[in-house]
Amino acid sequence: MTLSLPEIGQDRWEMTHEPADFASASNPKGAQDDMGELVDYLARSSRLTPQEAARLVNEVLAFMSEMPEDFVRRRHLALQAQGLSNRAIYLQISDELAARRFRAPEYSERQIRRIIYG
């Protein structure tokens, strides 16, 4: 599944796994309650329908759960498409990893290259 973002210079993001389903029985009851409250809040405080709010929450959870290795591969392709050199890409990816919400381990340039090319 590929998400199309607005035409404001943003990259496309390909999900590598199914979106989180906070309503499933496999999730703890507390997480279901929290996500249900979030969906209700978004529906009340925006123009989103409850279904759209639930979809938005699922997509955000899926994005936030992206593994660092998947992020590195995705960003490499996006930055390569912009014409950056691999050296510049490795430095940018390293900076972006350090700024993510859930910090990834610090990867050396060699480790980033090995994630991308195997």
Side-chain angles (χ1 to χ4, degrees):
M1 174 180 181
T2 301
L3 300 175
S4 295
L5 297 173
E7 297 288 331
I8 54 173
Q10 296 175 343
D11 296 322
R12 292 168 61 93
W13 179 66
E14 258 188 58
M15 293 193 320
T16 56
H17 47 70
E18 291 299 312
D21 181 8
F22 55 79
S24 74
S26 64
N27 285 338
K29 180 69 174 147
Q32 289 179 32
D33 292 344
D34 287 347
M35 294 303 113
E37 288 179 29
L38 178 57
V39 168
D40 292 343
Y41 171 77
L42 289 172
R44 279 193 322 269
S45 64
S46 69
R47 294 181 179 181
L48 297 174
T49 66
Q51 294 79 17
E52 291 168 332
R55 180 174 168 237
L56 175 65
V57 169
N58 277 331
E59 289 180 12
V60 169
L61 289 174
F63 181 83
M64 296 302 292
S65 66
E66 182 179 34
M67 299 301 292
E69 293 82 7
D70 295 330
F71 172 81
V72 167
R73 289 182 194 100
R74 178 176 61 80
R75 286 300 292 149
H76 177 259
L77 289 174
L79 295 170
Q80 198 174 43
Q82 293 176 15
L84 294 173
S85 70
N86 274 339
R87 176 83 174 128
I89 289 171
Y90 302 149
L91 292 172
Q92 184 165 339
I93 288 174
S94 183
D95 289 345
E96 290 177 6
L97 281 170
R100 291 193 48 99
R101 170 92 165 88
F102 298 104
R103 190 167 179 194
E106 271 191 45
Y107 292 119
S108 67
E109 180 179 326
R110 181 172 184 241
Q111 289 171 312
I112 291 172
R113 192 174 340 137
R114 291 190 80 189
I115 290 170
I116 295 165
Y117 298 111

**Student:** How would you list, by chain and number, every residue that makes a side-chain contact (heavy atoms from CB on, under 4.5 Å) with Asp40, sequence neighbours excluded?
**Tutor:**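 Here the qualifying residues are Arg44.
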**Student:** Using the ring of each side chain (for Trp, its six-membered ring), is His76 parallel, tilted or perpendicular to Tyr90, with breaks at 30° and 60°?
**Tutor:**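 The arrangement is parallel - the two ring planes meet at less than 30°.
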**Student:** Under 4.5 Å between side-chain heavy atoms, counting indirect links through other Ile/Leu/Val/Met/Phe/Trp/Tyr residues: same cluster for Tyr117 and Phe71 or not?
**Tutor:**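 Linked within one cluster.
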**Student:** In Å and rounded to the nearest 0.5 Å, what is the CD1 to CD1 distance from Ile116 to Ile93?
**Tutor:**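 One finds 4.5 Å between CD1 of Ile116 and CD1 of Ile93.
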**Student:** Answer yes when Arg55 and Glu59 have at least one side-chain N-carboxylate O distance shorter than 4.0 Å, and no when they do not.
**Tutor:**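 Between Glu59 and Arg55 there is a salt bridge, with a charged N closer than 4.0 Å to a carboxylate O.
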**Student:** Only pairs at least two apart or in different chains count here, so list each salt bridge (charged side-chain N to carboxylate O under 4.0 Å, His left out) that has a residue in residues 76-85.
**Tutor:**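 For residues 76-85: none.
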**Student:** Grab the two heavy atoms, one from Ala43 and one from Ala53, that are nearest each other, plus how far apart they are.
**Tutor:**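 That closest heavy-atom pairing would be N-CB, 4.2 Å.
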**Student:** Let me check something: do Val60 and Val39 share a hydrophobic cluster, defined by ILVMFWY side-chain heavy atoms less than 4.5 Å apart, either directly or through other members?
**Tutor:**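 Same cluster: Val60 reaches Val39 through Ile, Leu, Val, Met, Phe, Trp or Tyr contacts under 4.5 Å.
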**Student:** Find the distance between CD (Glu69) and CD (Gln111) and round it off to the nearest 0.5 Å.
**Tutor:**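 Result: 10.0 Å between the selected atoms.
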**Student:** Find out if a path of hydrophobic residues (ILVMFWY) with successive side-chain heavy-atom gaps under 4.5 Å connects Leu42 to Met64.
**Tutor:**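 Shared cluster, yes.
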**Student:** Return the set of residues passing side-chain contact (heavy atoms from CB on, under 4.5 Å) with Gln92 (not counting sequence neighbours), or none when no residue passes.
**Tutor:**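 Counting only residues at least two positions away or on another chain, Gln92 forms a side-chain contact (heavy atoms from CB on, under 4.5 Å) with Arg75, Leu79, Leu84, Glu96.
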**Student:** Can you name the side-chain contact (heavy atoms from CB on, under 4.5 Å) partners of Glu52, sequence neighbours left out?
**Tutor:**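 Expected list: Leu48, Thr49.
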**Student:** Might you point out which heavy atoms bring Tyr107 and Ser94 nearest each other, and give the distance in Å?
**Tutor:**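 Closest approach of Tyr107 to Ser94: O-OG, 4.2 Å.
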**Student:** Apply side-chain contact (heavy atoms from CB on, under 4.5 Å) to residues Gln80 and Leu77 and explain how you reach the verdict.
**Tutor:** CA-CA 5 Å; Gln80 198 174 43; Leu77 289 174; 4.1 Å; yes
**Student:** List in chain and number order the residues that pass side-chain contact (heavy atoms from CB on, under 4.5 Å) with Arg110, two or more places apart in sequence or in another chain; answer none if no residue qualifies.
**Tutor:**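 Counting only residues at least two positions away or on another chain, Arg110 forms a side-chain contact (heavy atoms from CB on, under 4.5 Å) with Ser108, Arg113, Arg114.
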**Student:** Once ring-ring contact (aromatic ring centres under 6.0 Å, His included) is applied, what residue pairs with a partner in residues 34-61 remain, sequence neighbours excluded?
**Tutor:**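 Those involving residues 34-61 do not exist here.
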**Student:** Tell me, do Glu106 and Leu97 make a side-chain contact under 4.5 Å, heavy atoms counted?
**Tutor:**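 No, side chains not in contact.
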